[in-house]
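Notes for the one structure printed next.
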Amino acid sequence: MASNIFLKLLRVPASTQFACLRSGRSLRKKAAALTAAGSRLSCSNPPPEKISRYPIPYKKDLPYDIVVLMEEVESKGGFLPNVFKVLSHRPAEFRAFFAYYNELMNKDTGRLTKAERELIVVATSSYNKCLYCVVSHGALHRIYSKKPTLSDQVVVNYKNAELTPREHAMLDFAMAVCRSDTITDEHFRSLEEVGFDREDAWDIAAIAAFFAMSNRLAHLTDMRPNLEFFNLGRVPRDKSKNKAEDDL
């Protein structure tokens, strides 16, 4: 719908077409320029701010499966995270990225909770100075953990944050991977002392490694976080207000 509306807005008026024809100028060049401009707009509506230094594909130019995924995410969350728009610049890599993301962050096996997975992302992304991942995954941690300030503490200095011994050991290991330290048996023993096993160590390391790549793609593209992320999970939802709205 948005694409049709936009294309209608870009149509050259009939009077202009007639004038161009009379003057001998071709409309084809104008049409090509307009199409090129329209083909690189946001996947839903043109973004009010710049979210990437690379062009954002227009929805009609994207493969069907990617459009379906984007619409599902936007429908469930109320907005489409900018990472989906930015990475859709390369559809094959988009698919690979989110397939591995889901394996790491959304699987039900292992001892890591969703909140712990997000905390790993926040800590390592802070070290890598990635604004997008710090803001977006800080929001997800607040939602999963119900702790509105812990991720902010971790961003500044996780060693001084109000973490449990388990969380400290987990982040020590994640940061060792993030910094490309030499991993020794001592690292594994530190995890085992707080209840993690070697498969959990793999999960922690894989998350740190995956988001090291993600952080660098965010730097490359100058990816900007959605404004919605900044406030998510900071203030408890007013359930009575939500119920009243549902009754309307």
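Because the structure is predicted, anything quoted here is derived from the model rather than measured.
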Do side-chain atoms of [X] reach the backbone of [Y] as a donor and acceptor pair under 3.5 angstrom?
X: Thr221; Y: Leu217; value: yes
X: Asp200; Y: Asp197; value: yes
X: Glu118; Y: Ala115; value: no
X: Asn102; Y: Phe98; value: yes
X: Asn226; Y: Glu228; value: no
X: Ser88; Y: Lys85; value: yes
X: Arg142; Y: Leu232; value: yes
X: Arg53; Y: Leu220; value: yes
X: Asn128; Y: Cys130; value: no
X: Ser75; Y: Glu71; value: no

Please check if the number of heavy atoms outside [X] that lie under 6.0 Å from its [atom1] is greater than 12.
X: Arg234; atom1: CZ; value: yes
X: Glu186; atom1: CD; value: yes
X: Phe97; atom1: CZ; value: yes

Path from [X] to [Y] over hydrophobic side-chain contacts below 4.5 Å:
X: Phe196; Y: Trp202; value: no
X: Val68; Y: Val73; value: no
X: Tyr100; Y: Met213; value: yes

Set out, in order, the CA-CA distance, both residues' side-chain angles and the distance that settles side chain to side chain contact (heavy atoms under 4.5 Å, CB included) for Phe84 and Leu69, then state yes or no.
CA-CA 9 Å; Phe84 288 87; Leu69 174 60; 4.2 Å; yes

Distance check, rounded to the nearest 0.5 Å: Glu199 atom CD versus Thr109 atom OG1?
9.0 Å

Taken to the nearest 0.5 Å, the spacing of Ile51 CD1 from Asp222 CG works out to 10.5 Å

Can you name the nearest heavy-atom pair linking [X] to [Y], along with the distance?
X: Ser151; Y: Gly138; value: OG-O, 3.6 Å
X: Asp65; Y: Arg95; value: OD2-NE, 2.7 Å
X: Ala169; Y: Val194; value: CB-CG2, 3.7 Å
X: Ile204; Y: Ala174; value: CG2-CB, 3.7 Å
X: Arg224; Y: Lys50; value: CG-O, 3.5 Å
X: Val154; Y: Leu171; value: CG1-CD1, 4.3 Å

Heavy-atom side-chain contact between [X] and [Y] under 4.5 Å:
X: Lys159; Y: Asp172; answer: yes
X: Arg117; Y: Lys107; answer: yes
X: Phe94; Y: Met70; answer: yes
X: Asn106; Y: Tyr101; answer: yes
X: Leu131; Y: Pro225; answer: yes
X: Val135; Y: Phe230; answer: yes
X: Ser125; Y: Tyr132; answer: no
X: Asn160; Y: Gln153; answer: no

Could you walk me through whether Glu72 and Lys76 pass the salt bridge (charged side-chain N to carboxylate O under 4.0 Å, His left out) test, one step at a time?
CA-CA 6 Å; Glu72 180 181 0; Lys76 289 182 177 179; 3.0 Å; yes

Salt bridge between Arg166 and Glu116, side-chain N to carboxylate O under 4.0 Å?
yes

When the ring centroid of His137 is compared with that of Phe211, is the distance short of 6.0 Å?
yes

Determine whether the aromatic ring centres of Phe188 and Phe173 lie less than 6.0 Å apart.
yes

Could you walk me through whether Arg111 and Asp203 pass side chain to side chain contact (heavy atoms under 4.5 Å, CB included), step by step?
CA-CA 9 Å; Arg111 292 175 176 81; Asp203 286 340; over 6 Å; no

Compute whether any side-chain donor of one residue and acceptor of the other, for Asn215 and Tyr127, lie under 3.5 angstrom apart.
no

Any side-chain donor paired with an acceptor under 3.5 Å for His187 and Ser190?
no

Assess the residue pair Val121 and Leu140 against the criterion (side chain to side chain contact (heavy atoms under 4.5 Å, CB included)); give the C-alpha distance rounded to whole Å, side-chain angles, the decisive distance to 0.1 Å, and a yes or no.
CA-CA 10 Å; Val121 181; Leu140 292 174; over 6 Å; no

Could you please spell out the steps behind the side chain to side chain contact (heavy atoms under 4.5 Å, CB included) verdict for Met175 and Thr124?
CA-CA 6 Å; Met175 291 303 298; Thr124 57; 4.0 Å; yes

